[in-house]
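In what follows, every chain begins at residue 1, and chains take the letters A, B, ... in the order their sequences are listed.
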Amino acid sequence: MSVEAIQVLKGMRDLLPEQTAWWQRMERELAGVLDRFGYQELRTPLLEPTALFKRSIGEATDIVEKEMYTFQDLDGSSVTLRPEGTASAVRAYLENFTWKKEPISRWYYLGTMFRHEKPQKGRYRMFSQVGAELLGAAEPAADVELIDLAVECVRAVGLSEATLELNSLGCPACRPAYRERLVAYLRVQRSALCEPCQRRLETNPLRVLDCKVEGCQKVAEEAPRILDFLGPECLSHLEAVRAGLESMGHAYRLNHRMVRGLDYYSRTTFELLTGGLGAQSAVAGGGRYDGLVAQLGGPEIPAVGFAAGLDRILLRLAELREPPQGPPIIFVASQGEAGWRAALPLVQRLRRAGHKVLSDVRAGSLKAQLKRADKDRARLVLVLGEEEIQAGAVSVKDMAAPEGAQDKQVRCALADLDRLLGEKLGGVK
RNA sequence: GUGAAUGUAGCUCAAUUGGCAGAGCGCCGGACUGUGGAUCCGGUUGUUGUGGGUUCGAUUCCCAUCAUUCACCCCA
């Protein structure tokens with residue numbers, strides 16, 4: 001008799017209307033900023049060949065090793081739900097020969113990503129990111145534009161408190177020397193490191209630097225710094241980026257221990273951090289990835305990009321911002337069959353004129369309809385009862401006006417309604 | 001993947017040593033038969049997450065399981 005209830009998959013969730021209103025506002029604000037920077041939207045498939053992510057993100061990363069939704073397609077090939085957006089963007093960039101059509105591409109994407117992680121606050125298996133990529137420029141000006149864009153995106157949605165952290169990971173010319181020195185140093189300190197870090201020492205030594213275990217932090221503080229190993233070109237690149245940020249008034253912290261999780265980064269990396277999210281304080285991150293395009297089979301095209309976690313940002317916004325407000329609502333209340341039939345064309349006319357118009361489809365007393373209007377936060381209620389129909393008029397009730405005000409409710413000829421509404425709503429639709 | 005905490009009405013939470021499952025909010029209706037909000041009155045909602053076990057009796061104790069949350073890990 002009773003069937004087992006089907007429920008959402010772990011780490012996934014429904015966004016009910018109360019939530020989607022927040023999402024829609026945030027997405028609108030983001031699209032506005034991106035458009036003002038000249039970035040255009042790119043939409044790519046959610047499903048890609050598994051090899052795309054293995055080759056771009058890096059075989060040895062956690063994402064590729066254990067967090068991808070990978071399965072066999074019906075033809076036997078291996079496909080994966082995208083765990084991030086840059087790989088697909090670069091694939092699309094190459095597949096469409098974009099670099100032959102334009103020297104610089106400014107693209108953004110906004111959509112769903114999938115990672116099979118253990119869910120917790122601000123971390124879901126299906127989550128949304130907005131990301132931007134600037135392809136075709138190696139100049140520091142590109143890094144500065146992109147970081148500025150990331151900051152403006154986060155600010156525009158209402159997270160002005162976010163702080164910026166900056167680092168440089170060097171390039172293939174200077175990083176190996178640093179890596180070697182770091183490993184040598186860490187080997188000596190090995191016994192002071194936590195167990196996972198002792199493993200990382202071999203697989204991904206840079207990651208030891210941002211381990212949160214106290215012992216490891218002590219070791220990391222004394223560790224050789226990447227910034228001291230940058231070659232002259234990487235160093236001047238970093239200085240130029242810093243100068244650019246400073247001239248725009250962007251405060252930042254140089255964090256030589258910030259390491260990014262994806263293999264493809266070089267030179268500039270950055271993160272935007274915010275409070276209130278526990279361990280998930282990074283709301284946006286990105287950097288330069290000059291080698292990636294070539295790594296995926298294209299020409300040597302330099303690029304910078306960033307991605308911001310929208311679920312995470314929204315979680316914080318709900319603590320900082322007022323809920324979004326829609327346009328003013330006009331509620332049409334009618335009485336009886338005749339009232340209903342008179343209301344229908346009125347409702348239609350108002351909606352076609354651009355108003356947001358609600359009415360109750362359930363039969364009910366006028367009182368019940370007024371209650372409904374109040375619950376719907378209607379600004380005006382148009383009453384169509386027998387008297388109004390007789391007179392070819394409509395009563396307009398201002399729900400916000402105080403009881404007893406002379407214009408609380410006015411009778412108005414149908415022909416004169418548009419003018420009155422314009423007055424009442426102050427030209428706002 | 002590892003560790004811990006929590007699951008009672010739509011929501012927030014009570015329920016004494018193990019003894020009839022409750023309140024507030026919300027929702028619906030009435031007081032006011034053509035008028036919302038405030039107030040008052042009334043009504044509505046449960047396999048106490050699920051499955052076992054102990055017991056005369058389990059929301060309470062035990063085991064398992066699922067879900068959620070937090071932290072680790074990782075990352076946006």
Side-chain angles (χ1 to χ4, degrees), chain A residues 1-2 4-5 7-13 16 18 57 61-67 83-86 110 112-131 150 153-154 159 162 194-197 199-200 204 207 210-213 258-262 270-274 277-286 305-316 331 333-336 339 360 362 364-389 395-403 408-409:
Chain A
M1 165 72 188
S2 91
E4 200 172 323
Q7 45 189 353
V8 285
L9 261 18
K10 185 197 280 282
M12 314 209 173
R13 64 223 165 107
L16 298 176
E18 198 185 341
I57 299 170
T61 58
D62 280 12
I63 293 176
V64 169
E65 272 184 359
K66 50 197 189 201
E67 294 177 358
E84 59 109 37
T86 299
L110 194 161
T112 306
M113 314 290 162
F114 301 83
R115 289 184 201 170
H116 196 103
E117 299 181 277
K118 185 138 176 176
Q120 68 184 70
K121 186 176 191 178
R123 189 174 77 183
Y124 309 98
R125 288 185 175 179
M126 175 173 161
F127 60 103
S128 285
Q129 285 187 338
V130 64
C153 279
V154 168
L159 254 193
C194 68
E195 195 256 322
C197 277
R199 251 196 334 272
R200 285 191 194 107
N204 196 347
R207 291 229 71 92
D210 73 344
C211 180
K212 289 167 192 108
V213 175
M258 184 181 75
V259 177
R260 309 279 314 145
L262 287 59
F270 67 95
E271 280 184 358
L272 287 170
L273 309 173
T274 189
L277 292 172
Q280 318 301 323
S281 62
V283 294
F306 86 93
L310 299 182
D311 308 77
R312 214 167 263 190
I313 288 174
L314 207 59
L315 227 42
R316 187 65 183 137
F331 193 100
S334 64
Q335 199 180 30
D360 202 336
R362 297 169 302 181
S365 65
L366 209 50
K367 181 193 188 70
Q369 293 180 65
L370 263 294
K371 279 191 170 181
R372 187 71 257 157
D374 186 53
K375 288 280 181 286
D376 290 339
R377 317 192 74 119
R379 178 84 162 278
L380 299 174
V381 175
L382 309 188
V383 180
L384 272 173
E386 281 168 32
E387 292 173 26
E388 284 85 356
I389 291 170
S395 292
V396 178
K397 180 165 191 168
D398 186 337
M399 298 294 274
E403 199 60 61
K408 174 75 181 164
Q409 182 166 333

- Hey, does the side chain of A:Arg207 come within less than 4.0 Å of B:rC75's phosphate (OP1/OP2), counting only N and O? yes
- Query: If you look at every strand shown and take non-hydrogen atoms under 4.0 Å, does A:Gly286 touch a base, only sugar-phosphate, or nothing?
  - Reply: nothing
- Return the nucleotide paired to B:rU59: Watson-Crick means purine N1 to pyrimidine N3 with N6-O4 or O6-N4, wobble means G-U with N1-O2 and O6-N3, both under 3.5 Å. none
- Query: Between B:rG34 atom P and A:Arg372 atom CZ, what is the distance in whole Å?
  - Reply: 20 Å
- Item | Base-pairing assignment for B:rC13 (Watson-Crick or G-U wobble, both under 3.5 Å) | B:rG22
- Item | Residue-phosphate contact under 4.0 Å: A:Lys375 side-chain N/O, B:rC27 OP1/OP2 | yes
- Message: Under 4.0 Å, counting only non-hydrogen atoms across every strand here, what does A:Glu67 touch: a base, just sugar-phosphate, or nothing?
- Response: sugar-phosphate
- Message: Using a 3.5 Å distance criterion without hydrogens, assess whether the side chain of A:Arg125 forms a donor-acceptor pair with backbone atoms of A:Lys118.
- Response: no
- Task: Round to the nearest Å and state the distance from A:Lys121 atom NZ to B:rC73 atom P.
- Result: 18 Å
Review item, nucleotides 2-10 of chain B N/O atoms under 3.5 Å of protein N/O:
| residue | atom | partner | partner atom | Å |
| --- | --- | --- | --- | --- |
| B:rU2 | O4 | A:Lys118 | NZ | 3.2 |

- Query: Between A:Asp376 and A:Ala378, is there a donor-acceptor pair closer than 3.5 Å when you use the side chain of the first and the backbone of the second?
  - Reply: no
- To the side chain of A:Arg123, which of B:rC72, B:rC70, B:rG34 is closest? B:rC72
- Query: So what does A:Gln409 hit on the nucleic acid, given a heavy-atom distance under 4.0 Å: a base, only sugar-phosphate, or nothing?
  - Reply: base
- Message: Distance criterion of 3.5 Å, no angle test: do you see the side chain of A:Arg362 paired donor-to-acceptor with the base of B:rC28?
- Response: no
- Message: Would you say A:Gln120 places a side-chain N or O within less than 4.0 Å of OP1 or OP2 belonging to B:rA71?
- Response: yes
- Message: If you assign A:Gly122 and A:Lys10 each to the RNA chain B nucleotide with the nearest heavy atom, which residue ends up on the more 5' nucleotide?
- Response: A:Lys10
- Nearest-angstrom distance, C1' atom, B:rU39 to B:rU55: 50 Å
- Message: When you measure only distances, ignoring hydrogens and angles, does the side chain of A:Arg115 come within 3.5 Å of the base of B:rC75 through a donor and an acceptor?
- Response: no
- Query: Looking at the side chain of A:Arg312, which of B:rC75, B:rG34, B:rC73 is the nearest nucleotide?
  - Reply: B:rC75
- Would you say the side-chain atoms of A:Arg312 pair up with the backbone N or O of A:Ala282, donor to acceptor, closer than 3.5 Å? yes
- Message: Can you tell me the base-pairing partner of B:rC73? Count Watson-Crick or G-U wobble geometry only, both distances below 3.5 Å, and say none if there is no partner.
- Response: none
- Query: Is there a Watson-Crick or G-U wobble partner for B:rG7 with both distances under 3.5 Å, and if so, which one is it?
  - Reply: B:rC66
- To the nearest 0.5 Å, how far apart are CZ in A:Phe114 and CG in A:Leu9? 10.0 Å
- Note on the structure: Looking only at B:rC74, B:rC75, B:rC66, the nucleotide nearest the A:Gln7 side chain is B:rC66
- Item | hbond_proxy A:Glu388 side chain to B:rG34 base (donor-acceptor, 3.5 Å cutoff) | yes
- Whole angstrom value for the distance that separates C1' of B:rU69 from CG of A:Leu315: 12 Å
- Contact class for A:Tyr124 vs. all strands (heavy atom < 4.0 Å): base, sugar-phosphate, or nothing? base
- Message: More than 12 heavy atoms of other residues, nucleotides or ligands under 6.0 Å from CD of A:Glu65: yes or no?
- Response: yes
- Which part of the nucleic acid, if any, lies within contact of A:Val283, taking any heavy atom under 4.0 Å across all strands shown: a base, the sugar-phosphate backbone alone, or nothing? sugar-phosphate
- Checking A:Asp62, A:Val64, A:Ile63 against A:Lys66 for side-chain contact (heavy atoms from CB on, under 4.5 Å), the one that qualifies is A:Asp62
- Message: Applying side-chain contact (heavy atoms from CB on, under 4.5 Å) to A:Met126 and A:Arg115, what does each step give before you reach the verdict?
- Response: CA-CA 7 Å; A:Met126 175 173 161; A:Arg115 289 184 201 170; over 6 Å; no
- Item | Test side-chain contact (heavy atoms from CB on, under 4.5 Å) applied to A:Leu370 and A:Lys397, step by step | CA-CA 10 Å; A:Leu370 263 294; A:Lys397 180 165 191 168; 4.2 Å; yes
- Item | Under 3.5 Å on both distances, the Watson-Crick or G-U partner of B:rC27 | B:rG43
- Counting heavy atoms from C-beta on, name the nucleotide in B:rC32, B:rA76, B:rC73 closest to the side chain of A:Lys367. B:rC32
- Message: For a quick check of understanding: with a heavy-atom distance under 4.0 Å over all strands, which category does A:Glu403 fall into, base, sugar-phosphate or nothing?
- Response: base
- Would you mind pulling out the nucleotide paired to B:rG37, Watson-Crick or G-U wobble, both distances under 3.5 Å? none
- To the nearest angstrom, how far is A:Asp62 atom CG from B:rG1 atom P? 13 Å
- Across the strands shown, which category fits A:Ala282 at heavy-atom distances under 4.0 angstrom: base, sugar-phosphate, nothing? sugar-phosphate
- Please determine if A:Asp311 and A:Arg13 form a salt bridge, counting it only when a charged side-chain N lies under 4.0 Å from a carboxylate O. yes
